[in-house]
**Student:** 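Dropping a structure here in structure tokens format, bear with me for questions.
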Amino acid sequence: MLTISQKLPWMFFPDIIPLGHPIFDIINSTNPEWLLILGNSLWQTDWDLRLACLLLYAFDREDNFWQLYGDFLPSAEECTSLLLATESFLVNHYLTMFLFPIAIYMLQEELLELQDPKLALTIREQQHRALEFWEKNWHSGVPLKIKRLARDPERFIWAVGIVQSRCLNMQLRIGALVQDTSMLVPYADMLNHSFQPNCFLHWRFKDRMLEVMINAGQRIKKGDEMTINYFSGLKNDMLMQRYGFSSPVNPWDVIQFSGNARIHLDSFLSVFNIAGLPEEYYHNSRLSNDGDTFVDGAVIAAARTVPTWSDGDVPPIPSLERKAVKELQEECQQMLAEFPTNSEQDQKLLDSMPEASRALDTAIKYRLHRKLFIEKVILALEMYQEQILF
Ligand SMILES: C[S@@+](CC[C@H](N)C(=O)[O-])C[C@H]1O[C@@H](n2cnc3c(N)ncnc32)[C@H](O)[C@@H]1O
């Protein structure tokens, strides 16, 4: 396990850096504040740069476990982190598939394929930040024992991508001290994320062990995948920033509506048998028909994101409710129309390039997931207006 904590002396557990090693000074020059969510970004502080330095140091130390574990980590080509997105020559599939019979090659940026300029900009900023850090600390005059940790910026940016996508951020109690800590935990870092996980992680402070526990009410059969919830409440753009994946059924995803139309939350929730409070909405499938698979995280997200009247504001009137549904659907259609491609084209594009780089594949899936989410909201609104019962 590699851990780095916020407060001085930042504890290494185990403590692997000998006093006086120059990597110690490089880590010490970073901002030790821990995980702030500022605006749209999760990383205004340097926990990832600090842990990347530590990881690179661990790889370099002879007979260290991390030299072996490195074989389990994804290579730059395999890692989904968008920090590794590059400029690449990509066959312009829209043109080849839909307009021209001959392949037209164009210089495309993988990040543009997100079809989300704000997210692309954030990732670009993250890339520059990592690059600047490498340039500052890996200049030509540094000693060989630093130089060989990351001979080129790609190696350092890969380490930051690994750290961001595989690190756990936890509050640990060690003795009387409670520390905000970033940890790379071998094997636990192989667990995938789920919005309905069957496991969770627990820090056993007595013997400093991280346990994988099974969630209450869950059974894991042989062959079942064990999953955990990386972070509650992360929208797809945030999941992309940190982990390089997105989901079409992320219950936390959001659509920013700008019109005045609103529907009644209680009637919407009851049509889809969604129960609980906004922070813990769940689908009460026992109340639904057998085999009802329509409600998933996307419909739960719709309940959170569609503008609604709160209880007691105004009584629901069917004709007004239907009018509001229409307006909300039109706004969703407008959002879909503003994308340069539709979901069908995105899916075809994905199917047509099984050899695409991980970053490109991830970027196209992200924009596809966005569209599938909006389409599901449109459909949910359609079903709602058909089923409003008063
Ligand atoms: C902590 S690692 C999990 C183990 C990883 N799948 C592996 O093979 O080593 C995090 C990475 O796994 C992938 N991942 C985790 N959960 C996922 C999910 N629900 N959907 C798609 N990719 C996921 C993403 O690439 C993410 O960056």
Side-chain angles (χ1 to χ4, degrees), residues 39-44 48-49 52 74-100 102-135 150 152-165 235-248 253 335-374:
N40 209 25
S41 184
L42 265 178
W43 310 286
Q44 299 299 310
D48 50 353
L49 303 178
S75 64
E77 290 74 40
E78 293 159 342
C79 184
T80 56
S81 168
L82 285 174
L83 286 180
L84 300 162
T86 51
E87 286 188 332
S88 67
F89 277 101
L90 160 78
V91 181
N92 191 320
H93 281 256
Y94 323 126
L95 296 180
T96 52
M97 279 195 309
F98 305 113
L99 293 175
F100 302 114
I102 50 164
I104 296 172
Y105 287 81
M106 288 176 67
L107 184 65
Q108 296 247 338
E109 250 199 277
E110 285 167 340
L111 291 179
L112 292 181
E113 297 295 327
L114 292 164
Q115 296 182 354
D116 182 339
K118 204 166 149 200
L119 176 58
L121 185 67
T122 307
I123 309 273
R124 271 266 169 268
E125 284 167 2
Q126 293 293 328
Q127 288 174 328
H128 286 148
R129 170 176 162 266
L131 186 61
E132 270 174 21
F133 184 80
W134 181 83
E135 283 168 353
D152 47 54
E154 288 77 23
R155 174 76 174 161
F156 184 73
I157 292 176
W158 169 79
V160 179
I162 288 291
V163 162
Q164 287 188 355
S165 59
K235 297 184 294 164
N236 273 349
D237 56 354
M238 301 287 250
L239 279 176
M240 286 292 281
Q241 272 184 56
R242 172 140 179 198
Y243 301 102
F245 75 90
S246 58
S247 161
D253 226 3
M335 289 173 202
L336 288 175
E338 281 165 13
F339 285 105
T341 55
N342 62 33
S343 55
E344 221 173 283
Q345 290 168 325
D346 291 344
Q347 190 57 63
K348 275 193 186 146
L349 187 57
L350 282 171
D351 296 343
S352 70
M353 32 185 236
E355 301 293 306
S357 71
R358 290 298 298 264
L360 184 60
D361 185 71
T362 300
I364 298 172
K365 279 189 182 143
Y366 168 74
R367 74 195 199 202
L368 170 63
H369 291 164
R370 182 80 187 151
K371 291 162 206 171
L372 293 177
F373 170 48
I374 298 173

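Hydrogens, waters and symmetry mates are skipped; everything else that's a heavy atom, side chains included, is used. This chain uses plain numbering: 1 for the first residue, then up along the sequence.
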**Student:** To the nearest 0.5 Å, what is the distance between NZ (K235) and OG (S246)?
**Tutor:** 13.5 Å

**Student:** What's the verdict on salt bridge (charged side-chain N to carboxylate O under 4.0 Å, His left out) for R367 and D346, showing C-alpha distance, side-chain angles and the deciding distance?
**Tutor:** CA-CA 8 Å; R367 74 195 199 202; D346 291 344; 3.0 Å; yes

**Student:** Taking the side chain as every heavy atom from C-beta outward, state whether R358 and L84 have any pair of such atoms under 4.5 Å apart.
**Tutor:** no

**Student:** Say whether, by atom type as modelled, one donor and one acceptor occur between the side chain of E78 and the main chain of S75 under 3.5 angstrom.
**Tutor:** yes

**Student:** So Y366 and D116, do their side chains get closer than 4.5 Å, heavy atoms only?
**Tutor:** yes

**Student:** Any side-chain donor-acceptor pair under 3.5 Å between Q241 and D237?
**Tutor:** no

**Student:** Got a sec, which residues hit side chain to side chain donor-acceptor pair (under 3.5 Å) with D152, two or more places apart in sequence or on another chain?
**Tutor:** none

**Student:** To the nearest 0.5 Å, tell me how far R370 CZ sits from M240 CE.
**Tutor:** 12.5 Å

**Student:** Hey, what do you get for CD (E355) to CE (M353), rounding to the nearest 0.5 Å?
**Tutor:** 11.0 Å

**Student:** Which atoms form the tightest heavy-atom contact between S165 and Y243, and what is the distance?
**Tutor:** O-CD2, 3.4 Å

**Student:** Mind listing the closest non-hydrogen atom pair of A130 and L49 along with its distance?
**Tutor:** CA-CD2, 4.3 Å

**Student:** Checking D253 side chain against N236 main chain: does a donor-acceptor pair fall under 3.5 Å?
**Tutor:** yes

**Student:** Might you work through the side-chain contact (heavy atoms from CB on, under 4.5 Å) test for E110 and L82, ending with a clear yes or no?
**Tutor:** CA-CA 9 Å; E110 285 167 340; L82 285 174; over 6 Å; no

**Student:** By side-chain contact (heavy atoms from CB on, under 4.5 Å), which residues pair with L121, not counting sequence neighbours?
**Tutor:** E125

**Student:** Is any side-chain heavy atom of T80 closer than 4.5 Å to one of F245?
**Tutor:** no

**Student:** Are the side chains of I162 and S81 in touch, meaning some heavy atoms are under 4.5 Å apart?
**Tutor:** no

**Student:** Using a 4.5 Å cut-off on heavy atoms from C-beta on, say whether the side chain of P248 contacts that of F373.
**Tutor:** no

**Student:** Is the shortest side-chain heavy-atom distance between S357 and E77 below 4.5 Å?
**Tutor:** no

**Student:** Compare every heavy atom of I123 with every heavy atom of L83, then report the nearest pair and how far apart it is.
**Tutor:** N-CG2, 4.2 Å

**Student:** Side chains of N342 and L336: closer than 4.5 Å at any heavy-atom pair?
**Tutor:** no

**Student:** Enter the distance from L350:CG to Q345:CD here, rounded to the nearest 0.5 Å.
**Tutor:** 12.0 Å

**Student:** For residues S247 and H369, report the shortest heavy-atom separation together with the two atoms involved.
**Tutor:** N-ND1, 3.5 Å

**Student:** Is a side-chain donor or acceptor of W134 paired with a backbone partner of A150 at a separation under 3.5 angstrom?
**Tutor:** yes

**Student:** Kindly indicate whether the side chain of T341, heavy atoms from C-beta on, has any atom under 4.5 Å from the side chain of L368.
**Tutor:** no

**Student:** State whether F339 and K371 meet the cation-pi test: NZ (Lys) or CZ (Arg) under 6.0 Å from the six-membered ring centroid, and within 45° of the perpendicular axis.
**Tutor:** yes

**Student:** Could you state the interatomic distance from CG (L114) to CD1 (I364), rounded to the nearest 0.5 Å?
**Tutor:** 9.5 Å

